[in-house]
Number of protein chains: 2
Amino acid sequence: MSERHNRRSPYTIDVVLLTQIKGQLDVLLCRAPPPEGREKWALPWETPRNDESLDGAARRIAKAALGAEPGWLEQIAAFGDGKRHPGDFEISVAFGALVAMGTPSPVGGSYAWFPLGDVPQLFPRQRQMLDGAMSMVRSRMDQEPVAFGLLPQMFTLTELQQTYELLLEKRLHKASFRRALQAAWLVEPIDEWRSEGRGRPAQLYRYAPRKRRPAQRGIRLDLAAAR
Amino acid sequence: MSERHNRRSPYTIDVVLLTQIKGQLDVLLCRAPPPEGREKWALPWETPRNDESLDGAARRIAKAALGAEPGWLEQIAAFGDGKRHPGDFEISVAFGALVAMGTPSPVGGSYAWFPLGDVPQLFPRQRQMLDGAMSMVRSRMDQEPVAFGLLPQMFTLTELQQTYELLLEKRLHKASFRRALQAAWLVEPIDEWRSEGRGRPAQLYRYAPRKRRPAQRGIRLDLAAAR
DNA sequence: TCAATAGTGTCTGTTAGACATTATGGA
DNA sequence: TCCATAATGTCTAACAGACACTATTGA
């Protein structure tokens, strides 16, 4: 065997696993995966196996950390630039993934969820990945219905709206949100209701996208304006 | 010196250089950069030098191929998955770049511009990169004013609209386009006109973005609908 | 003069956001 | 009963798209 095809891959795959816990976005971190002193947390990472696709490796690593496969997974970018990484590899390919809220977590063990506002210090390269994951997810929102990756099979429209608000980082108008939702044919009511403390029970919905002709209206040049 | 820090980088940087020629998008290809038989074209690529950032390497490669630096350059993604590449490296990090139309081309030599509809057969991995570049540029359009990267310093509003139409792959309404442009504070008229054959001469503009409060209106959930 | 392109004003149907109202449960 | 939340109807200002019109050049 040639040296080239036998050696371990000269790069790592790192996965940013995101979920929604108590109205906040959380990221899954692992306690110092390779032997690394003191209290240090890191994104799950590994080197890919032989002849494994990038996506495939990312899925495998996510599954190993989480116990289940994430609903949505996409590459963020390659990172390097001399920034430190738990492994000593020149570059790392980062993936972002969304986990349905309520998915049984890797209890105890060396994994834990951290709210985005309260993430411990990471290796600089992984810190970049986390930031990249957030902007990637946010920018994908207007191209695919990403929010459903954070929700369980059944959800209320209020939960769905809260997830959108969490990702967009802004409040949405209830009536407008529901009208837009109806126009987009993304969800379908099911014959079940959930009572949340006081108030009228909310009907449950499920994600059931229907094919549509692409939206006609809108140039939306405003969004492309200067910062 | 350790073997790790002395060896050549185990990955490549590939650059998708795009420009606008005669109302079409063109990509810059290089005639078989490493000794490779027959008539074969490839995206410009190289391995990064020691301690060079990913962006820096991409800029250097772009400049080597083009003679000038591209106005806009951004990472697309890492590609691998066993797809063939002109170099025999496990992965490649691809960058997309926009070149102002009219930039003096690398005349003769081993470089040439190819219209997107008429690209010769590429190495599979580089074909993926080209497709990735296109969808990346298109998806960035509603986040930053990407179109100006394809235009020279001075341009007419009709040229600007044609560039938008080229990138969006659809016709735009003239009056609406100009209204949106005015609202976005992206351009500024200069005291110069250009006569293009018949008709009334068009005023020239230049890119001069002004800071604005983010657009208020629009949930635009439609765009996130099912395909 | 006509032809061709640049640039602008007005109208109309659509819709985001605001507001108000009804519906339905728990305390 | 009062309160809290769900869900929906109506109004209005903003705006995308259509159309028509004026402006200014070359042929």
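First the proteins, then the strands, lettered A, B, ... as listed; each starts at 1. In this text the structure is predicted, and so the values were computed from the model without any measurement. Worth knowing before you read on, the calculation uses all heavy atoms, side chains too, and leaves out hydrogens, waters and symmetry mates.
B:Phe155 and B:Phe148 have tilted rings, their planes meeting at an angle from 30° to 60° on a 0 to 90° scale.
With sequence neighbours left out, the side-chain contact (heavy atoms from CB on, under 4.5 Å) criterion links A:Ala94 to A:Ile76, A:Phe79, A:Met129. Not counting sequence neighbours, B:Arg179 has no partner by the salt bridge (charged side-chain N to carboxylate O under 4.0 Å, His left out) test.
When the P atom of D:dT8 is taken as reference, atom CD of A:Gln182 falls 8 Å away, rounded to whole Å. Rounded to an integer number of Å, the gap from B:Glu165 CD to D:dG17 P is 12 Å. Atom CZ of A:Phe155 is separated from atom P of D:dA6 by 15 Å (rounded to the nearest Å). The nearest whole Å value for the distance from the CZ atom in A:Arg171 to the P atom in C:dG17 is 13 Å. Put simply, CD on B:Gln161 is 13 Å from C1' on D:dG17, counting in whole angstrom units. Across the protein-nucleic acid pair, B:Glu192 atom CD and C:dA6 atom P stand 17 Å apart, rounded to whole Å. Spacing between atom NZ of B:Lys170 and atom C1' of D:dG17 amounts to 12 Å, rounded to whole angstrom units.
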Identify all side-chain donor-acceptor contacts of residues 20-27 of chain A below 3.5 Å with residues at least two apart in sequence or on another chain.
| unit_1 | atom_1 | unit_2 | atom_2 | d |
| --- | --- | --- | --- | --- |
| A:Gln20 | OE1 | A:Thr163 | OG1 | 2.9 |

Please set out all donor-acceptor pairs under 3.5 angstrom arising from side-chain atoms of residues 193-200 of chain A, sequence neighbours excluded.
| unit_1 | atom_1 | unit_2 | atom_2 | d |
| --- | --- | --- | --- | --- |
| A:Arg194 | NH1 | A:Glu159 | OE1 | 3.3 |
| A:Arg194 | NH1 | A:Glu159 | OE2 | 2.8 |

Expected list for residues 54-63 of chain B: side-chain donor-acceptor pairs under 3.5 angstrom, two or more places apart:
| unit_1 | atom_1 | unit_2 | atom_2 | d |
| --- | --- | --- | --- | --- |
| B:Arg60 | NE | B:Glu52 | OE2 | 2.7 |
| B:Arg60 | NH1 | B:Glu46 | OE1 | 2.8 |
| B:Arg60 | NH2 | B:Glu52 | OE1 | 3.0 |

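With hydrogens and angles left out, the side chain of B:Ser176 and the base of D:dG17 share a donor-acceptor pair within 3.5 Å.
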Discussion item. Generate the contact string for nucleotides 7-12 of chain C. Rules: B means base contact, S means sugar-phosphate contact only, - means no protein heavy atom under 4.0 Å.
Written reply: B-BB--

